[in-house]
Visitor: 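Structure provided below as structure tokens; questions to follow.
In what follows, every chain begins at residue 1, and chains take the letters A, B, ... in the order their sequences are listed.
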Amino acid sequence: MVVVNRNGFIVFHNNEVLAIDNVFMAAVAFLASRDTGIGVGMRKTMIAIGLSAVAMATPAYADVQIGVLMPTSGFAAGFGLEEQGSIDLFMKSYSDLGPAGKLKLVIYDTRGEPAQAISLTKKLIDSDKVTAIIGPYLSGESEAAFPVANRAATPIVTPSSAKPGIAAANRPWAFRFSSTTDKTDKALIEHWTKKQSKPIKNVVLFYDGKDAVSSSDGKTVMPAALKAANVNVLDAISFQTGDVDFSAQVTRAKALNPDGIVVTALFTEAGHLVSELRKQGMTQPIAAGVELSLDHKFIEIAGKASEGVLTAAEFNRDSSKPTVVQFVKDYEAATHHLPGNSSALMYDTLSLMRHCIMSTGVVGNSEADKVKIRDCWANMNGVEAPIAGAVTINKDGDGVRQPNFLVVRDGKFVVDP
Amino acid sequence: MSDAPLLDVTGVGVTYGGYVALDDVSCRVVENSIHALIGPNGAGKTTLFNVVSGLVKPESGSLQFRERQYTGLRPDQILVMGIARNFQQVRLFPVLSVIENVMVGCHSRLPRTSFRDFVLGPLGRDKVDRLARERAAEMLDLVEYRGDTKAPPSQMTLVDQRRIEIARALASDPQLLLLDEPAAGMNPAEASQLSEIIRKIRGLGRTVLLVEHNTRMVFSLADEVTVLSAGKIIASGPPSAVKSDSAVVTAYLGNV
Amino acid sequence: MVFLQQLINGVMLGSTYALVAIGYSLIFGVLRLLHFAHGEVFMVGAFIGLGAVVYLHVGPLVALLCAAVGCALLGVVIEFVAFRPIRRRNGSLLAPIVSSLGVGLLLQEVATNLFGAEQTRFPPQFEGEMIRLGGLFVTSTQLFILGTSFVLMLAVHLFVSYTKYGMAMRASAESTDVARLLGINVDTVIVLTFAFASALGGVAGVLVGFAFSAISPFMGVSMSIKGVAIMLIGGLGSIYGAMVGGLILGVVEVMTVGYLASSYRDAFSFALLIIMLLVRPQGLFSGASAAKR
Ligand SMILES: Nc1ncnc2c1ncn2[C@@H]1O[C@H](COP(=O)(O)OP(=O)(O)OP(=O)(O)O)[C@@H](O)[C@H]1O
Ligand SMILES: [Mg+2]
């Protein structure tokens, strides 16, 4: 209900009063249930009541209001907290829109749940009357939320969701800043196989069967990329978001003795899996899809086992590009942590959203303003974003960019030449 | 020793939702006697046992044991004080073996488990356990139980189960033993064997308060008989006197 | 060979389940109550162990001891705050359930506020050395976990079979009334049961932390559900049922993942539960059979 970030600060969704409300609500729900004697199922509902209290956040009398959906609690909270760092940083310097007044953000926590993403998208459009929405984070959430925004003729731009086809299915209002996994996976596998001294003919593929993008990647996108590189998949082994014991999966893979291992999973599960792979003595090279999201938590969880793992990401933290250097410096100063891939994606998406508002003369939250923003994203071609550089959006509404390849060396993600 | 009774029940009343189960019941049990409590079905005998052993709190009246007022004490405190009982409906622990059932009866008489015993005891079958096992075997011997001691009690005959329950009650070394229809379901030979056991128990210096429907057994065994009918004491005295009391004959004996 | 390795994996997982489930069974036995916050006690144990390792720089055994003592105290506090007042007032049957759910939520909230919502882990040296046994391999940490679990299970067995209070615990589990009439102070037994069960839960928390490096305020939630399932499989309130049931569930989960797919795992566990309920509703161990050792 109340999210604590890595620095130990309590994030009250930018609204302290609400946090008090929320605790109060939870207490009321708890006391009510005590007297009426409500059973097990109530536990979830009680949490839900507490959370929806949070969701009633941020009343803002904005000149241009943009909704933001991201997970700041639940299993994907790590991503949301990285995004939050970028939002705070961005709003400090760029909330002024000149003649259009101020940029106001209405931020809701989706908890990483598609159902929540749907209802919060409706809420942003119907009650908060936002001009556009940034988010949600996970592909499963975007898949659920995009049709809602598309029907309501409101631009929606996810910074991060990477599962192929989800923006294409919701033309003309849905976009994504990120590029899709079919492009990044193909590039990653090409790069990975080229680099190995011992040729990779057979791999075992591990995927998260519950997370939308990891699952679609593991079942179709990654196998296609491997096939294109003439690599045979011996076995595709699944696990579920939230799992911590990977011994059975790894024992099963070990028996097949592959030349390499490919993983499509979020950072937590990938961390535990990689740790177990090395623990069981599998020393094969490992490639991990973009779902890993360059999160430092991956390295924290996997420890030494993470050394040498190759992944792809849009963000190269070690770039010498001045805007990137500045971003990394400011972000670290503000949060005491290095920015991750999610931070970079959010920062660029916010920048481009502001660019669209200012360059097309958006002044408020009218239908015409929504159309202007939509057209700006749809026709984006080589627009300079502070971190990613030139950004182009293709006819499917997807970002198109070459990913960077990063490898873990001495406990850090560094660019793999 | 004074002639104060071991157990002194004064003016006890118990009602169950308006139904008067015990009405102003008073009864004195003399030390080292065999005292029988008789009466028709539903008279309130078991209820009186429940009151004396602390399972039921009386609404009025008082209880004294060795001249000490103990009304309101918890059942476990009453047992520690020296009153133990069996049950009319046998209530042995089904998942414990016969010997373990009796060992649980020793609980209050075992030395306090020291921290060392608590932590290290399980590893080396501490002395407390050995003590309990020896005592339990002794009690089973006393009640002339000859069956398997490691098997669960459900495998035993009802008669044996009653013996085990008496052994379990004796294991706490009580001064007063409450026996609720211990001979129920026994044939005459078994009943007279039980009489002998009860005498033996008295011979060890204990006092027995006995509820029993078998009048032959009661009148040959008891030093003192109290008759309860519909929650009231209608007679009390030596067997010969009670046997000829007209109220008793109408209320109870006549029906047998 | 792969099958044997999977069996080892399953027993590993199952032995930690068993420790949690034993606690559930002990408490259910004496109180006839599902102690839903027991999963959270397990979680607190993991954090205590982590704290001891990180801040006091102790070894694994001392960490286990810290967690055991800390959780025993926590369990006793829970009994005094959440259960005893309700028992005293003869509250409704649902009241203690809601109360234990509340305690569980509270502990989760407190842990989230203190340690954050994200997963943390023990320092890498706790992963242990790899040991090869023929074609099989285990880590020293795994052996430590297995060893600790089995020693504790043996200790539980000896405790309930051969000590005064262990026996009193089993007697109270059968009938609190009869136990009282035999001179057992059932309130003391209940406090002892909470302390004992919670200490086991805390140890299991640390062991799971060692094994899977995934300590979070929410790690107890699924453990709670598994604990209840294991208790139904093993027989309500039977500690031997909890031991065997925990091992069975661990092995079934691992085998499903190893030979089918992870998405079937919960389905198989529930199928197992349903089959048990149909074929042997009293569970593996119950009634007279539990007395046979
Ligand atoms: N818990 C109870 N609730 C309501 N009524 C009860 C309860 N216990 C006993 N009674 C009633 O109180 C009366 C006395 O019961 P009690 O068991 O003391 O009789 P008893 O003399 O032991 O009879 P018996 O010879 O059949 O054992 C009976 O009418 C019985 O129905
Ligand atoms: Mg009776």
Visitor: Are any non-hydrogen side-chain atoms of C:Ile184 and B:Asp76 less than 4.5 angstrom apart?
Guide: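 No, every pair of side-chain atoms sits at 4.5 Å or beyond.
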Visitor: Charged N to carboxylate O under 4.0 angstrom, B:Arg91 versus C:Glu174?
Guide: no
Visitor: Can you tell me how far CG of B:Leu92 sits from OG of C:Ser175, rounded to the nearest 0.5 angstrom?
Guide: 11.0 Å
Visitor: For a quick test of reading the model, state the closest non-hydrogen atom pair linking B:Ser108 to C:Gly183 and the distance between them.
Guide: CB-O, 4.3 Å
Visitor: Between B:Met103, B:Arg168, B:Arg74, which has the largest tally of heavy atom pairs under 4.5 Å with chain C?
Guide: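 Most pairs with chain C among the choices: B:Arg168.
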Visitor: From C:Tyr162 OH over to B:Arg133 CZ, what is the distance, rounded to the nearest 0.5 angstrom?
Guide: 6.0 Å
Visitor: How long is the straight-line distance from CG of C:Leu181 back to CD1 of B:Ile83, given to the nearest 0.5 Å?
Guide: 11.0 Å
Visitor: Taking C-beta and beyond as the side chain, do B:His107 and C:Met167 meet within less than 4.5 Å on heavy atoms?
Guide: no
Visitor: Got B:Phe93 and C:Leu182 here, is their nearest side-chain heavy-atom distance under 4.5 Å?
Guide: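 Yes - at least one pair of side-chain heavy atoms lies under 4.5 Å apart.
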Visitor: Check each atom of B:Ser53 against the heavy atoms of chain C and say whether the ones under 4.5 Å are side chain, backbone, both or neither.
Guide: both
